[in-house]
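The structure follows.
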Amino acid sequence: MVWKMRILLIHSDYIKYKTKSKTKIAEEIEDEKKEGEFKNSLVVFTAVEKEDEKNPDLVVENATLEIADIFFKIGAENIVIYPYAHLSSSLSSPNAAKKILHDMEVQLRSQNLNVSRVPFGWYKSFEVSCKGHPLSELSRTILPEKTEPQTNEKIDIQKSEFNILNNGKLYNVDEFPYENSDFKKLVDYELDRTKSSGEEPPHVKIMREKKLAGYEPSADIGHLRWYPKGKLIRDLLADYVYNLVTERGAMPVETPIMYDLADEAIRVHAEKFGERQYRMETKNKQLMLRYACCFGAFRILADTFITWKNLPLAIYELSTYSFRLEKSGEVVGLKRLRGFTMPDLHTVCADLQQSMQEFSNQISMCAQTGKDLELNYEVIMRVTADFLEENQEWVFQAAGMIGKPVILEILPKRKHYWICKMDFAAIDYLGRPIENPTIQIDVESAERFGITYINEDEEDLNPIIIHCSPTGSIERVIGSLLEKTAIKIDEKPPMFPVWLSPTQVRILTIAERHLDFALRLADDLKKQNIRVDVDDRPDTVRKKIRNAGSEWVPYVIVIGDKELESDQLMVNIREFNEKSLMNKNKLIERVNNDIDNMPFRKLPLSLKLSERVNF
RNA sequence: GCCUCGGUAGCUCAGUCUGGUGGAGCGCGAGACUUGUAAUCUCGUGGUCGCGGGUUCAAUUCCCGUCCGGGGCUCCA
């Protein structure tokens with residue numbers, strides 16, 4: 001059980017007290033404080049607990065915020081801080097308590113409130129008259145954790161330095177000759193220079209129109225429901241990343257989505273994410289929902305016997321789901337969710353040298369996903385000043401692998417667990433980045449989680465761990481693909497890459513007598529691993545063509561009397577907005593060529609459109 | 001979380017300012033048509049006007065609260 005400061009708040013008509021006799025731990029007081037009476041007061045009975053000693057300043061701050069908040073709500077005139085040990089069975093040391101109570105008094109007073117504090121460590125008689133309105137009796141537990149950063153902007157003044165790195169040369173952000181508008185947009189965004197247009201990102205509407213995904217009103221904010229077409233695309237992307245990482249030697253695992261905060265390493269790692277966690281309590285456990293796969297991965301690695309011969313060693317998991325309690329105003333479409341799916345690769349490296357080498361390999365892997373998914377990534381590399389100083393040659397070379405300018409952020413001090421990271425972002429229709437792949441060198445977690453390996457000299461050492469998401473979250477990938485269609489709308493008809501298109505080939509019939517032929521053709525294509533369906537509804541050809549277009553179907557074939565006679569098919573090719581005459585085998589070849597070696601899954605919808613449900 | 005705008009039929013949206021029996025298109029159902037490349041015609045079905053409270057003879061409309069969504073701020077270890 002974790003204990004925290006407990007307070008009982010009473011809005012009273014009056015409170016009177018009188019000191020009787022000292023205890024061993026009594027504080028020295030002047031005579032005038034030996035008794036007192038306060039009218040219309042918010043009395044704060046307070047017990048300082050063991051846990052509070054870990055971060056007394058934060059407890060004081062949180063308690064002060066809470067008390068002031070209630071004070072203004074009820075409109076009392078005085079605040080009376082009353083030490084009251086009996087609220088807790090796990091008290092802090094008397095000295096810590098005295099300090100915290102004193103600091104609370106000072107901090108409340110600094111807000112120009114009338115504050116009094118009743119002496120600590122005396123036996124006292126007291127009389128309190130509670131007002132009895134709904135807010136007059138409240139209890140609060142104050143956590144020694146960060147709540148809102150609102151009041152203390154003092155920390156973290158040290159700013160990062162931003163530069164552009166191109167062809168091994170460093171440029172000032174204002175002097176760089178920008179040629180690529182997406183890159184310029186990322187720079188502007190990083191430097192807080194992005195102007196807002198007040199529009200909704202187009203992918204939000206498209207994801208619903210195309211029946212991919214929708215909001216689930218009966219869940220929390222930022223959790224989606226996925227319809228069959230969207231689910232198919234998710235699964236194909238998951239297959240894609242699985243193949244990508246396993247081909248490079250990663251071993252897939254699956255770990256729990258919730259963790260016990262009683263585990264010290266889990267708790268400390270969890271608290272790095274502050275309030276943005278889902279927490280849940282069972283009868284005797286406090287649990288958190290994972291925000292990435294680190295927890296499970298690290299626990300596996302900590303329990304695994306690893307030697308230098310095994311390194312680098314990579315384990316992979318697709319987190320369905322990761323949970324982040326983003327602020328309600330930040331959640332939007334597929335870009336920012338509270339429940340999302342992230343490919344998460346953790347690579348154990350013997351030392352910094354090996355981790356840099358692996359980092360380079362993973363840069364290639366992440367860049368490859370941009371090519372495979374046909375997404376343009378702009379890149380930002382972030383390093384601590386120390387790391388840059390010692391490894392400048394490597395940093396420049398790593399950035400050079402991108403083959404175009406990248407932003408280099410230099411952090412004066414290590415602020416997080418990583419010393420070097422690279423973020424790849426697609427730029428959305430409104431010119432804002434969607435953070436996709438990321439690679440990070442983690443120098444902290446191995447030790448915290450007790451992950452070790454045996455080196456050649458049989459010494460037990462903590463490795464370096466690289467976190468990598470080769471595509472970023474699956475939802476963001478889909479969001480980026482949809483944004484891209486909106487950006488390119490003037491250049492080409494919107495569509496998914498053929499391997500991700502739910503329907504790859506649609507066959508539509510002119511009259512009922514053409515259905516048998518259409519179904520036989522569909523069957524042939526299906527046998528060749530092509531997702532095909534048949535629009536057998538009694539609508540006009542014009543209308544069926546239009547429908548196929550609005551579903552972004554890449555290849556559409558009309559079957560009429562002519563097709564029954566010959567083996568030639570008139571194929572509508574969406575990408576080029578053209579019609580082309582070809583036979584069945586040519587079509588199969590063409591589709592397979594589009595799909596290349598990307599993953600395939602069958603169409604999880606009925607073949608005949610007349611039988612389909614409208615989601 | 002704060003500020004701001006919105007929530008009306010399965011979907012897209014009008015109506016609300018100025019309170020008085022709620023509209024259109026698409027979809028869906030029925031019928032007609034039997035169709036060759038981006039919406040065939042006619043008829044019909046369809047609503048707790050997000051939810052809760054208040055004001056009023058009367059509330060989708062005005063007021064308060066709340067939930068959900070968009071944008072901005074902030075944040076994205």
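Each chain gets a letter, A, B and so on, in the order the sequences are listed, and its residues count up from 1. Not measured: the values here are computed from a predicted model. All values below come from the heavy atoms of this structure, side chains included, with hydrogens, waters and symmetry mates left out.
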Sugar-phosphate, base or nothing in reach of A:Asn547, heavy atoms under 4.0 Å: nothing
Distance below 4.0 Å between A:Lys543 side-chain N/O and B:rG27 OP1 or OP2: yes
Any donor-acceptor N/O pair under 3.5 Å between B:rG36 base and A:Glu563 side chain: yes
Sugar-phosphate only, base, or nothing, as touched by A:Val556 at under 4.0 Å among non-hydrogen atoms: nothing
Flag for A:Asp344-A:Ser319: side-chain donor and acceptor within less than 3.5 Å: no
Touch class at under 4.0 angstrom, heavy-atom based, for A:Val613 against every strand present: nothing
For B:rA39, the Watson-Crick or wobble counterpart (both distances under 3.5 Å): none
Over 12 foreign heavy atoms within 6.0 Å of NZ, A:Lys184: yes
Polar side-chain contact A:Arg336-B:rC75 base: donor and acceptor under 3.5 Å: yes
Residue that, paired with A:Glu475, satisfies side chain to side chain donor-acceptor pair (under 3.5 Å) out of A:Lys335, A:Arg336, A:Arg234: A:Arg234
Sugar-phosphate, base or nothing in reach of A:Ile221, heavy atoms under 4.0 Å: sugar-phosphate
Interatomic distance where CD1 belongs to A:Ile510 and C1' belongs to B:rU34 [whole Å]: 11 Å
Rounded C1' spacing from B:rG10 to B:rU34 in Å: 29 Å
Sidechain N-carboxylate O distance under 4.0 Å for A:Arg448, A:Glu264: no
Donor-acceptor pair under 3.5 Å, A:Tyr417 side chain vs B:rA77 base: yes
Rounded distance in Å between the C1' positions of B:rC62 and B:rU16: 10 Å
Partner nucleotide, any strand, of B:rG47 [Watson-Crick/G-U, under 3.5 Å]: none
A:Lys205 vs B:rC13: side-chain N/O to OP1/OP2 distance below 4.0 Å: yes
Nearest-Å distance once atom P is located in both B:rG65 and B:rC2: 12 Å
P spacing across the pair B:rG54 / B:rU61, given as an integer number of angstrom: 14 Å
Smallest separation among heavy atoms of A:Gln107 and A:Val60, with atom names: NE2-CG1, 3.7 Å
Watson-Crick or G-U counterpart of B:rG6, or none if no pair lies under 3.5 Å: B:rC68
Presence of A:Arg542 side-chain N/O under 4.0 Å of B:rA39 phosphate oxygens OP1/OP2: yes
Mate of B:rU21 where both pairing distances stay under 3.5 Å, Watson-Crick or G-U: none
Sugar-phosphate, base or nothing in reach of A:Glu200, heavy atoms under 4.0 Å: sugar-phosphate
Base of B:rC67 paired with side chain of A:Tyr215 (donor-acceptor, under 3.5 Å): no
Sugar-phosphate only, base, or nothing, as touched by A:Tyr189 at under 4.0 Å among non-hydrogen atoms: base
For B:rA59, the Watson-Crick or wobble partner whose two distances fall under 3.5 Å: none
Side-chain donor-acceptor pair present, A:Asp536, A:Thr509, cut-off under 3.5 Å: no
A:Trp418 CH2 to B:rA77 P, straight-line distance once rounded to whole Å: 9 Å
Listed nucleotide nearest any side-chain atom of A:Lys327, set B:rA77, B:rG1, B:rG71: B:rG1
Sugar-phosphate, base or nothing in reach of A:Lys562, heavy atoms under 4.0 Å: base
Atom-pair distance (CZ on A:Arg338; P on B:rC75), nearest Å: 17 Å
Nearest-Å distance once atom P is located in both B:rU60 and B:rC51: 10 Å
Distance-only side-chain donor-acceptor flag, A:Ser160 / A:Glu409, under 3.5 Å: yes
Sugar-phosphate only, base, or nothing, as touched by A:Pro433 at under 4.0 Å among non-hydrogen atoms: nothing
For B:rC73, the Watson-Crick or wobble partner whose two distances fall under 3.5 Å: B:rG1
